[in-house]
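Note sheet for the following structure.
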Amino acid sequence: MIQILKLTFKNDKIHQVSSVCLYTTPRVCCSICSDAKLKDPFSLAQKDLQNLYEDIKKQLLVSKAELNALCDYYFDGKGKAFRPMIVILMARACNVHSNKEGALLPAQRSIAMISEMIHTASLVHDDVIDDSDTRRGKNTINKVWGERKAILAGDFILSAASMALARIGNTTVVSVLSQVIEDLVRGEFMQLGAKENENERFKHYLEKTFKKTASLIANSCKAVSILVNSDPEVHEIAYQYGRNVGIAFQLVDDILDFTSSANLLGKPSAADLKLGLATGPVLFACQQFPELHAMIMRRFSSDGDVDRAWQYVLKSDGVEQTNYLAQHYCQEAIGQISQLQQSTERDALIQLTELVLRRDK
């Protein structure tokens with residue numbers, strides 16, 4: 001076993017930081033019978049996601065050719081559609097739980113589409129803030145068309161998503177998904193800051209992670225549950241599953257910043273360090289190497305900081321600890337979704353937690 005920080009949430013904010021012991025071997029488990037034939041979550045949602053990007057492009061269609069080109073740039077069908085896939089599976093799982101039928105409502109599919117639009121708009125804006133050159137294997141919008149047009153394109157995608165949301169006609173759903181946009185902005189501002197105290201630093205990091213990544217998944221899952229069920233407990237199950245999977249997804253993403261390029265290319269990426277960001281592996285490493293504290297506070301801005309911080313992380317168990325924390329969040333997600341009635345989609349959401357932990361890109 002290994003001891004890590006446990007973070008208790010209250011009103012969607014980290015309320016308390018304490019320690020907890022986790023097993024050092026993966027314990028992602030579920031109530032699925034061992035002889036059950038599980039379907040791949042992506043394959044299971046594929047039929048409902050057919051023409052997703054074409055439908056998004058219809059939402060973005062305007063007479064100005066250049067604006068169309070900017071907005072369509074990332075909707076080329078080459079993305080993973082991870083968020084729409086979760087939303088589709090959650091919708092069908094909640095439908096089975098609520099009315100014993102898994103038929104997808106048109107409004108639920110619209111929420112899956114809106115979730116991808118909001119996510120992509122945030123990527124466009126993030127690339128401007130981070131001055132990124134590449135995204136999904138090609139030049140970023142800001143590098144091709146410039147920062148001003150990139151910002152306007154991101155804004156336009158958000159406005160189109162808002163109009164699609166309004167057409168659903170459910171004020172509760174509108175309120176829930178509007179929270180996502182507020183969280184994205186607040187999370188971006190949180191990313192610009194740093195905390196002196198170690199416990200406060202971890203709280204800050206995970207709250208930022210929730211707002212920038214997990215809020216979209218959590219609230220989209222909650223929204224599709226609202227459309228089919230009036231029980232607040234079901235809404236909370238959907239929300240908490242999305243929150244925990246979303247945080248785990250980002251924790252693994254932060255791990256890959258230290259491991260993926262090193263394994264594939266033989267050299268570190270350290271993209272987050274270069275942006276001045278102290279993610280989970282660095283924060284855990286700081287417990288073993290206090291020298292990292294000063295680097296974190298100056299956002300790795302001095303000569304040699306990025307390389308030294310990278311070496312400290314490699315010498316520490318920071319990557320391992322972050323992985324165990326991601327496992328913890330996946331276990332929490334499984335505990336939530338297991339409360340729904342058994343269905344193929346519910347089981348796929350359980351299986352998805354393993355895929356989140358095992359992904360390598």
(request) Report yes or no: is the cationic atom of Lys57 (NZ for Lys, CZ for Arg) closer than 6.0 Å to the six-membered ring centre of Phe75, at no more than 45° off its axis? (result)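 Geometry flag: not set, cation outside 6.0 Å or 45°.
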State, to 0.1 Å, how close [X] and [Y] come at their nearest heavy-atom pair, and which atoms those are.
X      : Y      : result
Ala326 : Ala248 : O-CB, 3.7 Å
Ile350 : Ser338 : CD1-OG, 3.8 Å
Ala333 : Tyr241 : O-CD1, 3.4 Å
Ser162 : Ile181 : OG-CD1, 4.4 Å
Gly242 : Cys221 : CA-SG, 4.3 Å
Leu177 : Ser220 : CD2-OG, 3.7 Å

(message) Does Glu116 form a side-chain hydrogen bond (donor to acceptor under 3.5 Å, both in side chains) with Tyr53? I'd like the steps, not just the answer.
(response) CA-CA 9 Å; Glu116 185 70 357; Tyr53 292 106; 3.2 Å; yes
(request) Among Thr120, Asp127, Thr140, find the one that has a side chain to side chain donor-acceptor pair (under 3.5 Å) with Tyr74. (result)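 Testing each of Thr120, Asp127, Thr140 against Tyr74, the sole residue satisfying side chain to side chain donor-acceptor pair (under 3.5 Å) is Asp127.
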Sidechain-backbone polar pair: [X] side chain, [Y] backbone, donor-acceptor under 3.5 Å:
X      : Y      : answer
His97  : Gln341 : yes
Gln108 : Leu105 : yes
Ser175 : Thr171 : no
Asp231 : Glu233 : yes

For the residue pair [X] and [Y], confirm or rule out a side-chain donor-acceptor distance under 3.5 Å.
X      : Y      : value
Asp183 : Gln179 : yes
His125 : Asp155 : yes
Gln342 : Asp347 : yes
Arg201 : His293 : yes
Asp254 : Thr279 : no

Hey, does [Y] have a side-chain heavy atom less than 4.5 Å from the side chain of [X]?
X      : Y      : value
Glu66  : Trp145 : yes
Met295 : Val282 : no
Lys274 : Phe300 : no
Phe156 : Cys71  : yes
Met190 : Tyr205 : no
Leu70  : Tyr73  : no
Ile217 : Arg243 : no
Asn95  : Asn229 : no

Check ion pair [X]-[Y] (N to O, under 4.0 angstrom):
X      : Y      : value
Arg358 : Glu354 : yes
Asp305 : Arg299 : no
Glu54  : Lys58  : no

(request) Take Gln59 and Arg167 through the test side-chain hydrogen bond (donor to acceptor under 3.5 Å, both in side chains) and record every step on the way to the result. (result) CA-CA 12 Å; Gln59 301 292 324; Arg167 283 194 287 270; 2.4 Å; yes
(request) Show your working on side-chain contact (heavy atoms from CB on, under 4.5 Å) between Leu206 and Leu251 and close with a plain yes or no. (result) CA-CA 9 Å; Leu206 285 176; Leu251 289 171; 4.2 Å; yes
Can you measure from [atom1] ([X]) to [atom2] ([Y]) and round to the nearest 0.5 angstrom?
X      : Y      : atom1 : atom2 : answer
Met90  : Ser225 : CE    : OG    : 8.0 Å
Cys330 : Leu357 : SG    : CG    : 3.5 Å
Phe249 : Thr213 : CZ    : OG1   : 8.0 Å
Gln288 : Ser316 : CD    : OG    : 5.0 Å
Ile157 : Leu67  : CD1   : CG    : 8.5 Å
Leu325 : Phe284 : CG    : CZ    : 5.0 Å

(request) Would you sort out whether Asp133 and Lys143 count as a salt bridge (charged side-chain N to carboxylate O under 4.0 Å, His left out), showing the intermediate values? (result) CA-CA 6 Å; Asp133 294 331; Lys143 288 302 175 185; 3.2 Å; yes
(message) Centroid separation under 6.0 Å, is that true for the rings of Tyr329 and Tyr324?
(response)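 Centroid separation for Tyr324 and Tyr329: 6.0 Å or greater.
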(request) Mind running side-chain contact (heavy atoms from CB on, under 4.5 Å) on Ile129 and Glu188 for me, showing each step along the way? (result) CA-CA 9 Å; Ile129 293 168; Glu188 197 62 54; 3.6 Å; yes
For [X], I'd like to know if atom [atom1] has over 12 heavy atoms of other residues, nucleotides or ligands within 6.0 Å.
X      : atom1 : result
Arg359 : CZ    : yes
Lys80  : NZ    : no
Met163 : CE    : no

[X], [Y]: one ILVMFWY side-chain cluster at the under-4.5 Å cut-off?
X      : Y      : value
Leu104 : Phe42  : yes
Val96  : Ile334 : no
Leu44  : Leu355 : yes
Val174 : Val224 : yes
Val306 : Leu277 : no

(request) Step by step, work out the side-chain contact (heavy atoms from CB on, under 4.5 Å) result for Met117 and Leu60. (result) CA-CA 10 Å; Met117 294 173 73; Leu60 300 171; 4.1 Å; yes
(message) Using the rule side-chain contact (heavy atoms from CB on, under 4.5 Å), only one of Ile255, Asp257, Leu256 pairs with Val319; which is it?
(response)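 It is Ile255; the other options fail the test.
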(request) Sort out for me which residue in Arg346, Glu332, Glu345, Gln240 forms a side-chain contact (heavy atoms from CB on, under 4.5 Å) with Ile337. (result)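 The side-chain contact (heavy atoms from CB on, under 4.5 Å) with Ile337 is passed solely by Arg346 among Arg346, Glu332, Glu345, Gln240.
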(request) With side-chain contact (heavy atoms from CB on, under 4.5 Å) as the test, would you mind laying out the steps for Ile111 and Leu227 before giving the verdict? (result) CA-CA 10 Å; Ile111 290 172; Leu227 289 171; 3.5 Å; yes
(request) Before giving the answer on salt bridge (charged side-chain N to carboxylate O under 4.0 Å, His left out), spell out for Arg135 and Asp126 the whole-Å C-alpha distance, their side-chain angles and the decisive distance to 0.1 Å. (result) CA-CA 11 Å; Arg135 166 77 65 181; Asp126 281 353; 5.3 Å; no
